[in-house]
Protein chains: 2
Amino acid sequence: MSGRPKIFDDQEVLSKAADVFWRQGYEATSTEDLLEAMGIGKGSFYLAFKGGKKELYERALALRSDQAMARFRRELDAADDPVEYIREFFRRVAHSTRAKHQNGCIFGNAVAELSNIENPMMKRAATHLQGLEALFLDALLRGKKQGTLHSKLEPAVLARLLLNNWNGLGITRRIYPDNDALSELIETQLKVLD
Amino acid sequence: MSGRPKIFDDQEVLSKAADVFWRQGYEATSTEDLLEAMGIGKGSFYLAFKGGKKELYERALALRSDQAMARFRRELDAADDPVEYIREFFRRVAHSTRAKHQNGCIFGNAVAELSNIENPMMKRAATHLQGLEALFLDALLRGKKQGTLHSKLEPAVLARLLLNNWNGLGITRRIYPDNDALSELIETQLKVLD
DNA sequence: TTTATTATGTACCAAATAGTACAAAATAAT
DNA sequence: ATTATTTTGTACTATTTGGTACATAATAAA
């Protein structure tokens with residue numbers, strides 16, 4: 001081993017690439033765009049990511065997925081009231097910048113863009129969203145147990161409902177990138193949890 | 001006037017182009033794809049659509065928007081119970097083929113794909129969805145007047161909620177392209193109208 | 001200091017792409 | 001029939017694209 005030292009960190013450039021993909025989508029992003037954002041040259045890039053743009057996208061999405069799931073899991077476990085944590089999760093959407101609103105949900109974007117052109121990649125994004133739904137369900141079941149969830153609806157159905165609300169927000173926030181309007185929408189949606 | 005007769009109808013080829021865009025999105029669709037689907041050659045294409053792929057996309061989307069709005073308006077006006085018509089509108093989602101599920105909503109797709117790369121085009125799609133929301137609102141107000149809508153929520157908020165549910169379904173139906181599962185989700189969502 | 005090893009930057013390439021130019025074809029009007 | 005007009009099909013082009021080849025640089029180990 002040894003050899004010339006790398007001038008970049010895989011995680012870091014993956015994160016930068018993820019941001020570009022998030023903003024522009026998969027097809028609209030050129031490798032040139034990515035190289036510039038990552039701050040590395042072609043030589044380094046194709047050595048580190050032999051699969052090119054496709055591998056980069058997969059790994060960038062996987063990174064974001066792991067990060068998002070870990071954060072949700074961690075914060076949920078630390079929360080006294082799991083149902084209230086779900087509320088906070090949704091309310092965070094209404095505390096974003098306009099630029100963030102325009103990006104939507106990176107996984108929803110992947111599902112929308114790739115379902116008919118890169119099915120395996122779309123499925124990975126879908127799996128993440130199913131994982132989010134599973135976390136919703138976990139929170140709801142705990143809420144039910146500790147009595148903070150009063151809804152008579154089946155928790156599984158409720159979790160699916162929350163996932164759909166989330167998916168919807170990824171689009172709606174771009175049509176109405178206004179925190180007040182989004183807040184009203186979100187608070188109304190959350191009534192289903194009472 | 002006169003000259004060599006056209007071998008195609010604008011509306012027809014626009015419709016065929018719309019189908020391709022719907023399946024693949026804007027960026028992933030090449031002009032070659034479009035020409036093949038439309039069944040015309042380059043000469044005819046660039047004569048009829050001087051703006052190329054971009055103009056084609058705009059006009060294809062405009063066509064679908066006009067069609068969808070006209071149908072909704074017509075069927076809503078013909079409905080005895082406008083709230084029940086909204087229910088039917090949503091329930092139709094759960095009577096689709098797998099292929100249709102994978103396409104999602106053409107306008108939601110446009111918003112998702114283009115918000116950061118073709119903002120004016122994204123805005124047209126957004127305007128359509130706002131138009132859909134306006135039709136929801138119209139139906140809800142009529143329902144309120146004739147007593148078929150009992151919800152205590154403000155109709156405007158309810159309409160926004162329905163739009164978000166619609167936007168969500170455009171993603172969720174691709175994650176769960178199963179009519180039974182979607183039906184359960186939709187019926188639960190529609191309870192907000194009772 | 002030499003060698004083995006790994007990373008970097010650049011020059012290069014083949015394929016695909018959107019779009020143009022234009023000659024030929026098909027019609028209506030004269 | 002000739003002409004004016006519009007459409008069609010094809011050949012061509014310039015650009016962009018993702019990706020490769022490879023010489024060079026920078027390090028650790030021997």
Side-chain angles (χ1 to χ4, degrees), chain A residues 1-61 110 113-114 116-122, chain B residues 1-61 110 113-114 116-118 120-121:
Chain A
M1 39 234 74
S2 78
R4 182 171 175 170
K6 280 178 96 160
I7 57 165
F8 65 94
D9 176 70
D10 274 31
Q11 296 268 104
E12 266 178 47
V13 301
L14 276 174
S15 184
K16 285 171 181 170
D19 286 342
V20 181
F21 280 129
W22 196 0
R23 258 191 301 110
Q24 309 188 333
Y26 178 72
E27 290 285 345
T29 301
S30 66
T31 49
E32 195 106 0
D33 289 340
L34 294 162
L35 292 179
E36 194 185 336
M38 295 189 291
I40 65 178
K42 278 198 168 178
S44 307
F45 173 62
Y46 281 103
L47 184 69
F49 305 95
K50 302 201 197 303
K53 179 176 155 179
K54 204 159 160 179
E55 180 188 341
L56 188 65
Y57 185 77
E58 284 177 352
R59 291 180 58 183
L61 228 68
E113 183 182 1
L114 304 176
N116 283 314
I117 60 177
E118 290 279 356
N119 199 262
M121 249 142 75
M122 169 270 187
Chain B
M1 38 234 77
S2 80
R4 181 171 176 169
K6 280 177 95 160
I7 57 165
F8 65 93
D9 176 70
D10 275 30
Q11 296 268 105
E12 266 178 48
V13 301
L14 277 174
S15 184
K16 284 171 181 171
D19 286 340
V20 181
F21 281 129
W22 195 1
R23 258 191 302 111
Q24 309 188 332
Y26 178 71
E27 290 285 344
T29 301
S30 67
T31 48
E32 196 104 0
D33 288 340
L34 294 161
L35 293 178
E36 194 186 337
M38 295 188 293
I40 64 178
K42 280 198 167 176
S44 307
F45 173 63
Y46 282 104
L47 184 69
F49 306 94
K50 301 201 197 302
K53 179 176 154 178
K54 204 159 160 179
E55 181 188 341
L56 187 65
Y57 186 76
E58 284 177 352
R59 292 179 58 182
L61 228 68
E113 184 182 0
L114 304 175
N116 284 314
I117 60 177
E118 291 278 355
M121 250 143 73

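In what follows, every chain begins at residue 1, and chains take the letters A, B, ... in the order their sequences are listed.
- Here the C1' atom of nucleotide D:dT16 and the CG atom of A:Asp33 are 12 Å apart, to the nearest Å.
- Distance B:Leu47 CG to D:dT5 P: 15 Å, rounded to the nearest Å.
- Of all heavy-atom pairs between A:Glu27 and A:Ile117, the closest is OE2-CD1, 3.8 Å.
- The nearest whole Å value for the distance from the CE atom in B:Met38 to the P atom in D:dT8 is 12 Å.
- The CD1 atom of A:Ile7 sits 11 Å away from the P atom of C:dA7 (whole-angstrom rounding).
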Report, one line per pair, each donor and acceptor closer than 3.5 Å where one atom sits in a side chain of residues 49-56 of chain B; sequence neighbours left out.
| unit_1 | atom_1 | unit_2 | atom_2 | d |
| --- | --- | --- | --- | --- |
| B:Lys50 | NZ | B:Leu47 | O | 3.1 |
| B:Lys53 | NZ | B:Tyr26 | O | 3.1 |
| B:Lys53 | NZ | B:Thr29 | O | 2.8 |
| B:Lys54 | NZ | B:Glu118 | OE1 | 3.4 |
| B:Glu55 | OE1 | B:Lys50 | N | 3.2 |
| B:Glu55 | OE1 | B:Gly51 | N | 2.7 |
| B:Glu55 | OE2 | B:Arg59 | NH1 | 3.1 |

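- The minimum heavy-atom distance between A:Ala110 and A:Leu61, with the atom names listed, is CB-CD2, 4.0 Å.
- Using a 4.0 Å heavy-atom criterion, one finds that A:Phe8 contacts the sugar-phosphate atoms exclusively.
- Among the protein residues, B:Ile40 comes within range of no part of the nucleic acid, since none of its heavy atoms lies under 4.0 Å from any strand.
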Stepwise, does the side-chain contact (heavy atoms from CB on, under 4.5 Å) test hold for B:Leu114 with B:Tyr57? CA-CA 12 Å; B:Leu114 304 175; B:Tyr57 186 76; 3.5 Å; yes

Any protein N or O atoms within reach of nucleotides 13-19 of chain C? Criterion: under 3.5 Å, listing atom names and distances.
| unit_1 | atom_1 | unit_2 | atom_2 | d |
| --- | --- | --- | --- | --- |
| C:dA18 | OP1 | B:Thr31 | N | 3.3 |
| C:dA18 | OP2 | B:Thr31 | N | 3.1 |
| C:dA18 | OP2 | B:Thr31 | OG1 | 2.5 |
| C:dG19 | OP2 | B:Tyr46 | OH | 3.4 |
| C:dG19 | N7 | B:Lys42 | NZ | 2.8 |
| C:dG19 | O6 | B:Lys42 | NZ | 2.4 |

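- Computed from coordinates, the A:Leu35 CG to D:dT20 P distance equals 13 Å when rounded to whole Å.
- Considering CG of A:Asp19 and CE of A:Met38, their distance stands at 12.0 Å, rounded to 0.5 Å.
- For the pair B:Asp9 CG and D:dT7 C1', the computed distance is 15 Å after rounding to whole Å.
- Minimum atom distance to the side chain of B:Arg4 is reached by D:dT6, of the listed C:dT8, D:dG9, D:dT6.
- Considering all non-hydrogen atoms of both residues, B:Ala37 and B:Val20 come closest at CB-CG2, 3.4 Å.
- Across the protein-nucleic acid pair, B:Phe49 atom CZ and D:dT8 atom C1' stand 15 Å apart, rounded to whole Å.
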